[in-house]
Amino acid sequence: MEKRLYSLTKNEPWPNFRKKDHDARIVQDNVNPFHQPMCHTINSFKRKNALEVHKTYDGEDEISNLPDSILLHILSYLPTRDVVGTCILSTRWKKLWTCVENIDADDSFLYSSGVFDYPMKDTCFKHFVHRILQLREESDIKKFRLSCRVCFSASHVCSWISSVIRHNVQDLDLCLFVEEPFMLPQCLFSSKTLTSLKLEMNCVLELPTCTFFPFLRTLHLCLVTFRDDSSTQRLFSGCPMLQELAILDCEWMNLKQVAISISSLKSLIIDDLPFFGSTDDLNGCEIKIDAASLSFLKYSGYLSNEICLYNLSPSVNASIHIPILYEKRNQIAFRAVKLFRGLHKINAAKISSRAIESLFIADMEIDRLPVFYNLTHLELSMELENHTIGPLKELLQCLPKLQSLHFSEGFDPCMHICEDDWNLRSVPPSFLSSLKTVKYSNFHGYHTEIYFLRNFLEIAIVLEKMNIVCSEPFGDPKKQKEVKDQLRSRHGGSVSCAIKFILQQAVSLQALAVDMEDCWL
C-alpha cells in the first residue's frame, strides 16, 4: 500500500502530522534559543520581561512566597523552554524548574526561521533535551512529550526515552518522523509506571518478545505499520488494564488475523481514513473485537479489514462512517452488514449516510440487517442525498423502538424530493409507537426540507418535539412563522407536536459552554 506520509529530504521542514495546541506556542521574539547556547535561551526569556511579571506593582515579590507545590503546578502549564528560563529569577528558582513533572520537547519551531541549517539546529535541540533530563537528578517525570525527526538522532531518542522510563514516567507522548528503520528501546514495552502511551511514528512497529504494560490505561497508535500477527497480538494482549485504545491511520497489510480482547476496554477508535492505496488492498485482515465493558466505539474507513464484534453491551454508543469505493462496493457492503450485526444490541448510534447506503448494496437475503430492538437514538452525521433516501427508509424499518432521530447535517443543497421518494411502502413501527423527537440541523428553508419534515409530521403519530436548528440567514422570526404554518398544514399525524426553531449560533454557544464547564470540572 502506498504510504500516507510525505517523503522528505533532510533539508525539508518537519511536517505537522498532528496539529495540537502546542503548535501555536512558538517563541514570538526574533531570537531562536536553539541557534545559540543555553545562556542565550535565558537572555531571551529575560527580554520577555519575565522579571517584571515576577514583581507586583508595589515591588513586593508575592509569587516566590508561594509554596513549591503551587509554583511547580503553575510551571507545568508553560512550554518547557520558558520553564527553564525561570532559573534566572532568583536563587530559589535556580533548581526549582528541574522538579517540574511535565516536559514538552518539540523541534518543530526550529524550522520557523528563514535560515535553515538542520544539522546545527539538531545539535542544539539534542543538547537542550539532554541537559533537561540530566539535571533532573532523581525526581520523577509525570508527563513527557517528544516530537522530533529521528534521522540524525536515533541513539539520542532511544537514550531520552530510556531516561524518562527510569524516571517513572506515567504519560508518554512520542511523535517521531523516521526516515530509516528505527526500533524503540525495549524498556519502554515493560514499563510498570506508564498509564498513557501515545505513539505516532511512520515506520514498522518493532516489538520485543516480552511486551507487558501492567497499568497502561490509554494507548494511541498513529501511522505505525504492524509487523505481523504474533507481535501485534502480544501488544494488545499485554495491556490487561487498558481502557482507551485508538488506532489511527495504521497499516494492517502484514496481518491476517488479530484479536482485541480486553475486558476493561471502554473506548475504541479505529480510523482508516484517508485511503491512498489501490482497491486490491481491501483484502486486509480479520480484526476480532471482544470487549464487554465497551461504552464508545468509533470506526471511520473503507472496511479494508473485516471487523467482527462480540459481546458488546447495549450501552455502547457507536459512531460509524463508511465511504463507498464503487468498484469494491459489494465487498464493502458485506463487511458493513457484518459489522452492524455485531452492533444489534446497542442503544445509540451515529451513522453517516454513506454507511447507511453501504448496508443496502448487498442483494442477498442472507446479508440483510438484523432488527435493532434496543436502538432508541439515531444521528445521521452526513448530508442526505437523493440516493441515500431509499437506504434510510430501509434502515428505519429495522428500528422498531426508535425514540429520537437527528439529521445533524441536513440535506445536500442540490437534493430534490418528489412524492414517490419519501413514499413509505409501510410505515416504520417506531413512527406509530415510539418516535417522539426529531431534530433537523442546518435548516435553510428550502422547499425540499419543508416537504420532508411535513411528511414526518404526517406519519409519526406520537411525535412530541420537532427541533429545527436554523442556519444564520434563516433567523428571521417572520420566515420561521411562515415555515411553521406550512408544516402545520398537513393531514393526520401528531396533533400535539411542538415545533421549535433554534439558531445555529445559540447551539454553538451552548456547546462551548458545556466544553468550558467540562474543563473546569
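Note that the CD1 atom of Ile247 and the SG atom of Cys222 stand 11.5 Å from one another [nearest 0.5 Å]. To the nearest 0.5 Å, atoms OG (Ser352) and CG (Leu380) are separated by 9.0 Å. Going from atom CG of Leu369 over to atom CG of Leu359 covers 5.0 Å, rounded to the nearest 0.5 Å. The CD1 atom of Ile289 lies 8.0 Å from the CG atom of Leu294; values are rounded to the nearest 0.5 Å. Of the inter-residue distances, the one linking Glu206 atom CD with Leu184 atom CG reads 9.5 Å to the nearest 0.5 angstrom. Atoms CZ and OG, from Phe334 and Ser358 in turn, are 12.0 Å apart once rounded to the nearest 0.5 Å.
Put simply, the side chain of Asn347 gets close to the backbone of Pro314: a donor and an acceptor are under 3.5 Å apart. Looking at Gln331, its side chain never comes within 3.5 Å of a backbone N or O of Lys328 through a donor-acceptor pair. Side chain of Thr211 to main chain of Pro208: a donor-acceptor pair is present (N/O by atom type, distance under 3.5 Å, no hydrogens or angles). With His444 contributing its side chain and Asn442 its backbone, the two residues share a donor-acceptor pair below 3.5 Å. In this structure, the side chain of Ser353 engages the main chain of Glu383 through a donor-acceptor pair within 3.5 Å. Side-chain atoms of Thr388 never come within 3.5 Å of backbone atoms of Leu384 as a donor-acceptor pair (strictly under, hydrogens ignored). Remark: the backbone N or O of Phe226 is paired with a side-chain donor or acceptor of Asn254 at under 3.5 angstrom. Judged by distance alone, the side chain of Asn311 and the main-chain N or O of Ala292 form no donor-acceptor pair under 3.5 Å. Listed for the Ser264 side chain is a donor-acceptor partner under 3.5 Å among the backbone atoms of Leu242. Using a distance-only test at 3.5 Å, with no hydrogens or angles considered, no donor-acceptor pair links the side chain of Arg227 to the main chain of Val204.
Nearest heavy-atom pair across Ala355 and Ile320 is CB-O, 4.0 Å. Closest non-hydrogen pair, Leu312 versus Lys345, comes out as O-CD, 4.1 Å. Taking both residues in full, the closest heavy atoms of Cys497 and Leu463 are given as CB-O, 3.5 Å, listed atom of the first, atom of the second, then distance. Pairing each heavy atom of Ser408 with each of Ser441, the nearest pair is O-CB, 3.3 Å. A pairwise comparison of heavy atoms in Leu487 and Leu453 identifies CD2-CB, 3.9 Å as the closest pair. A pairwise comparison of heavy atoms in Pro323 and Gly301 identifies CD-O, 3.4 Å as the closest pair.
Heavy-atom contacts from other residues, nucleotides or ligands closer than 6.0 Å to OH of Tyr310 number more than 12. In the displayed structure, His344 atom NE2 is contacted under 6.0 Å by at most 12 heavy atoms of other residues, nucleotides or ligands. In this structure, Phe215 places its CZ atom where only 12 or fewer heavy-atom neighbours from other residues, nucleotides or ligands lie under 6.0 Å away. For Lys436, the NZ atom is loosely surrounded, since the number of other residues' heavy atoms within 6.0 Å does not exceed 12.
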Checklist entry - Given Ile307 and Arg335, is the side-chain contact (heavy atoms from CB on, under 4.5 Å) satisfied, shown in steps? => result CA-CA 7 Å; Ile307 299 178; Arg335 291 182 176 178; over 6 Å; no

Checklist entry - Is there a side-chain contact (heavy atoms from CB on, under 4.5 Å) between Gln480 and Cys470 once you walk through the steps? => result CA-CA 9 Å; Gln480 293 179 15; Cys470 306; 4.3 Å; yes

Next on the checklist: Using the rule given for side-chain contact (heavy atoms from CB on, under 4.5 Å), can you reason through Leu188 versus Leu194, listing the C-alpha separation, both sets of side-chain angles and the distance that settles it, and then say yes or no?
Outcome noted: CA-CA 9 Å; Leu188 167 62; Leu194 270 180; 3.7 Å; yes

Item to check | Test side-chain contact (heavy atoms from CB on, under 4.5 Å) applied to Asp249 and Asp271, step by step | outcome: CA-CA 6 Å; Asp249 295 332; Asp271 190 339; 4.2 Å; yes

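For the pair Phe189 and Phe213, the minimum side-chain heavy-atom distance is below 4.5 Å. Side-chain contact between Ile346 and Asn374 is absent, with no heavy atoms from C-beta onward closer than 4.5 Å. In this structure, the side chains of Phe456 and Tyr440 stay at 4.5 Å or more apart for every pair of heavy atoms. Side chains of Leu343 and Leu297 form a contact here, defined as non-hydrogen atoms less than 4.5 Å apart. Side chains of Gln397 and Pro429 form a contact here, defined as non-hydrogen atoms less than 4.5 Å apart. Taking 4.5 Å as the limit, every side-chain heavy atom of Pro428 sits out of range of all side-chain heavy atoms of Leu399. With contacts defined as side-chain heavy-atom distances shorter than 4.5 Å, the pair Ile270/Asn305 does not qualify. Residues Ile260 and Ile262 meet the side-chain proximity criterion, which asks for heavy atoms closer than 4.5 Å.
Taking the salt bridge (charged side-chain N to carboxylate O under 4.0 Å, His left out) definition, one finds that Arg234 meets it with nothing, sequence neighbours left out.
Residues Glu244 and His220 bring a donor and an acceptor atom of their side chains to less than 3.5 Å of each other.
Between Glu357 and Arg354 there is a salt bridge, since a side-chain N of the basic residue sits under 4.0 Å from a carboxylate O of the acidic one. Asp106 and Arg145 are joined by a salt bridge, as a carboxylate oxygen and a charged side-chain nitrogen come within less than 4.0 angstrom of each other.
Using the six-membered ring where Trp is involved, Phe340 and Phe372 have ring planes that are perpendicular, over 60° apart on the 30 and 60° scheme.
The side chain to side chain donor-acceptor pair (under 3.5 Å) contacts involving residues 292-301 comprise nothing, where partners must be two or more places apart or lie in separate chains.
Separation of the Phe411 and Phe452 ring centroids falls under the 6.0 Å cut-off.
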